[in-house]
Amino acid sequence: MEGHGVKTSDVYRVDENLPERFNNPDCFHGYSQKSSHRLYQTSNQAYGSKRPTVHEMPTQFYGSSRQFSETILRSGMFCDNSFNTSLDKSRVTGLAAMATLNS
C-alpha cells in the first residue's frame with residue numbers, strides 16, 4: 001500500500017484537523033539515497049535516509065498555543081540592567097600574565 005499517492009487517510013482513520021503534510025507523506029522531500037560506508041553508518045543515518053510511509057505518519061494532531069511566544073514577541077526578552085560591582089579581571093595585564101611574561 002506504500003505506493004505513490006497513498007494518503008494516510010486511505011489506510012487509517014485520521015482526525016478532521018490533521019494538517020495536510022501529515023495526511024500526505026509524499027510531500028516530504030530531501031531524503032537522500034547517498035550511500036555511505038556500511039562500517040561507519042549509524043542507525044540514525046539508516047533510519048533518516050528513508051522517506052516516511054503512511055504507517056509512520058501521525059493520525060492525530062494536537063497543536064500547541066503560541067501564547068507564550070506571542071507575549072515574548074510583543075514585550076521582548078528579559079534584559080538584566082542591574083549595577084555591576086565586581087572587578088573585571090584582565091587576561092593581559094593581570095598578575096598571572098605578568099608572571100608568565102617575566103619568566
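As the structure is a computational prediction, the values presented were derived from the model and not from experiment.
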Scanning both residues in full, the closest heavy-atom pair of M57 with P52 reads SD-CB, 3.8 Å

dist D15:CG -> N23:CG (nearest 0.5 Å) comes out at 11.0 Å

The reported gap from OG1 in T8 to CD in E56 (rounded to nearest 0.5 angstrom) is 10.5 Å

Using a 6.0 Å cut-off, check whether atom CD of E70 has over 12 heavy atoms from anything other than its own residue.
yes

Does the side chain of K7 reach to within under 4.5 Å of the side chain of E20, using non-hydrogen atoms?
yes

- prompt: Under 4.5 Å between any side-chain heavy atoms of T59 and L18, yes or no?
  reply: no

V11 and V6 have their tightest heavy-atom pair at CG2-CG1, 4.0 Å

Sidechain-backbone polar pair: D80 side chain, S82 backbone, donor-acceptor under 3.5 Å
yes

Of all heavy-atom pairs linking M77 and I72, the shortest is SD-CG2, 3.5 Å

**Report entry** Side chain to side chain, T53 and P25, heavy atoms closer than 4.5 Å
**Finding:** no

Closest non-hydrogen contact found for S9 with V14 is CB-CG2, 3.8 Å

Tell me whether the rings of Y12 and H55 are parallel (<30°), tilted (30 to 60°) or perpendicular (>60°). perpendicular

